[in-house]
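Heavy atoms only: backbone and side chains are in, while hydrogens, waters and symmetry mates are out. Numbers restart at 1 for each chain; the letters A, B, ... are given by sequence-line order, proteins then strands. Since this is a predicted model, take the numbers as computed values, not measurements.
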2 protein chains.
Amino acid sequence: MTQETKPATQAKRLYLNEVATRDGFQNEAAFIDTDDKIALIDELSACGYAKIEVTSFTSPKAIPALRDAEAVMHGIARAPGVVYTVLVPNVRGAERALSCNVGEVNLVMSVSESHNRANLRMTREQSFAQLSDVIEAVRGTGVAINVSLSTAMGCPMEGDVPTATVLEWMQRFAQRGVSGFTLCDTTGMAHPAQVRALCARASEAFAALELTLHFHNTRGMALANTLAALDAGIVRFDASLGGLGGCPYAPGATGNVCTEELVHMLELDGYDTGVNLAAVLEAAARLPALIGHDVPSQILKAGRRTDLHPLPAGAQDMPEQRAFL
Amino acid sequence: MTQETKPATQAKRLYLNEVATRDGFQNEAAFIDTDDKIALIDELSACGYAKIEVTSFTSPKAIPALRDAEAVMHGIARAPGVVYTVLVPNVRGAERALSCNVGEVNLVMSVSESHNRANLRMTREQSFAQLSDVIEAVRGTGVAINVSLSTAMGCPMEGDVPTATVLEWMQRFAQRGVSGFTLCDTTGMAHPAQVRALCARASEAFAALELTLHFHNTRGMALANTLAALDAGIVRFDASLGGLGGCPYAPGATGNVCTEELVHMLELDGYDTGVNLAAVLEAAARLPALIGHDVPSQILKAGRRTDLHPLPAGAQDMPEQRAFL
């Protein structure tokens, strides 16, 4: 935070959920060794996240990249205060997750019919029925239940999704007994005015439940949308180390909002994210070697705002002038 | 704009200045043919910009990429309502610009000493004296005079620049008689809380002058900073087609805020930018062929929010499920 914008009052506390090892790794073509996954998650556990989405208890056939879910969950060291959450698609996945002593299960469906069919091969009603069985299986175990609603800010096949539709699915899940929702901007269609309006409606309607926002930077708006969500009182955000996590409907486009870019902006703006930016940057810097390709993170290239640069050698003696604004 | 966020009142009018042909092209290693520059500027003239920064009347030795400044200015067709501005470093440049019937001259210096020396090979006092001579030469000709203050939101060599320093340089130029200022986030160090505070102070202190904001996306915050500037009442923004324009202190990092990404967000949020997004996207799509390399624009890859995608073939019949949030 710059000296002149430092607030007199205490910084507002935000809660970040790191999703790279689930939402990012599920997209990787080359399998990442179980030991490497465990080492990274252990490193992330020391970074100050409120929550880490460790892996996914999906069919190994559907997502072979995460076929080692049990081994990863058993291998990691749990840090106090960190919630370890996992994606669970069905009762079989929930049983596997519960046997690994997870802190939360994360259930997923899309609020638009076309995307749910494309992504999960089911109608929304089929998804709701299946996830209701999961809720039934998990309720009473002490494990938290979060529902992530994809395409909540627009569907790449159907376009706008009415706010009423989002609220209706939230209502149906709330009645089953869940602890929180994540509203997902699955393909980066959200824009700030929309985010502000939707977040205000959703947090008013479900004030007792945790509300998390999951942004993608597909069209460059992830940090602007974060500002809009903050305006509406949101304090929980998903983010992905290095910006990992692709978008199958926009080849070459950026995916999830990048953790280090999100933390960098929020800390400068005076928020307390709990996350140690330097530690996150160190972890992000090792990602390209781990996954075998470059990551979208711009902070990894440009450095932090406060990383100063020396005056180029001989600058004052050169006759030429350039004009960088 | 989505149906549910459409404001009942008239959209707020914003004024965009396209800087790609100056701020972008000056960085290009390969010379862009004069005819190609003219054709692009003529195309941009039909897009609805309030202003176009056409070229730079700098020494051809310093910026060979723009050595054809006179030919470009004489070759373009002027569209009514568009201000054609050019960068001018000294009285010689101003004379060349005035002979080409420009609508505005844009004067540049940094508010931090180290960056001014590195960028312009002068002390700030030397720059101020030289630019004061330019103002003297241009005042009374009917040509508008804008001063762009680089490193107004941070210096890559010195770090934070006190708001008092920015306001002091504005004051000194205001006393000489200028029509407007551009506050430049030269290396993408600005963050939203800082932008909000600086814009409020600057527009309060110089309410009679036009105030433009020039953001870079070096650390991913350009659109978030734009939101913050809008909050503070700013209505004028620089932007660069395709996101052209590098940052010499952050190799590989993104440069200027991308015009099509800025317009896309602002129009969705209900602002009237005057700019035809479809026309701008067409122009941006031809940039890679024109300059011989890819551009940072994410909208060019991902398409607009409203560009829908068909359901992938056979999606419903496939047994596998993925889980994209």
Side-chain angles (χ1 to χ4, degrees), chain A residues 2-5 23 56 58 62 87 108 114 117-121 148 150 154 156-157 159-160 163 184 186 189 191-194 197 214 218-221 223-224 227 248-250 252-254 261 264-265 268-270 298-299 301-302 305 308-309 311-312 315-316 318 320-325, chain B residues 2-5 23 56 58 62 87 108 114 117-121 148 150 154 156-157 159-160 163 184 186 189 191-194 197 214 218-221 223-224 227 248-250 252-254 261 264-265 268-270 298-299 301-302 305 308-309 311-312 315-316 318 320-325:
Chain A
T2 59
Q3 64 191 63
E4 304 188 54
T5 56
D23 204 0
S56 178
T58 326
L87 191 143
V108 182
S114 309
R117 285 172 180 258
N119 198 36
L120 301 177
R121 322 299 184 205
S148 287
S150 292
M157 298 149 204
D160 276 327
T163 301
C184 303
T186 308
M189 293 174 66
H191 57 95
Q194 175 197 28
H214 177 106
T218 322
R219 292 166 178 89
M221 293 184 281
L223 294 185
L227 281 194
Y249 302 106
T254 305
E261 286 176 17
H264 180 257
M265 180 184 81
L268 285 169
D269 262 17
Q298 295 186 212
I299 298 278
K301 294 196 180 81
R305 177 185 195 276
L308 301 186
H309 301 260
L311 195 62
Q316 286 108 314
M318 287 173 64
E320 311 294 5
Q321 56 172 252
R322 298 154 91 191
F324 288 104
L325 294 200
Chain B
T2 58
Q3 64 191 63
E4 303 189 52
T5 57
D23 204 1
S56 178
T58 325
L87 191 143
V108 182
S114 309
R117 285 172 179 259
N119 197 36
L120 302 177
R121 321 301 183 203
S148 287
S150 292
M157 298 148 204
D160 276 326
T163 301
C184 303
T186 307
M189 292 173 67
H191 57 94
Q194 175 196 28
H214 177 106
T218 321
R219 292 166 177 89
M221 293 185 281
L223 294 184
L227 280 194
Y249 302 107
T254 306
E261 285 176 17
H264 179 258
M265 180 185 80
L268 285 169
D269 261 17
Q298 295 186 212
I299 298 279
K301 293 197 181 82
R305 176 185 196 275
L308 300 187
H309 301 258
L311 195 63
Q316 286 107 314
M318 287 172 62
E320 310 296 3
Q321 58 171 251
R322 298 153 90 191
F324 288 105
L325 294 202

Completion exercise
Okay, B:L227 and chain A: the region with an atom under 4.5 Å from a heavy atom over there is side chain
Exercise for the section: Could you pull out the closest heavy-atom pair between A:L223 and B:R219, with the gap in Å? Expected result: CD1-O, 4.3 Å
Fill in the blank from the handout: Taking every heavy atom of B:R305 against every heavy atom of A:G154, the minimum-distance pair comes out as NH2-CA, 4.4 Å
Exercise for the section: Measure the shortest side-chain to side-chain distance between A:M221 and B:L268 over non-hydrogen atoms and say whether it is less than 4.5 angstrom. Expected result: yes
Handout entry: Test item: A:Q194 and B:D269 side chains (from C-beta on) under 4.5 Å apart, heavy atoms
Key = no
Exercise for the section: Return yes if some donor-acceptor pair links the side-chain N/O of A:E261 with the main-chain N/O of B:G220 below 3.5 Å, else return no. Expected result: no
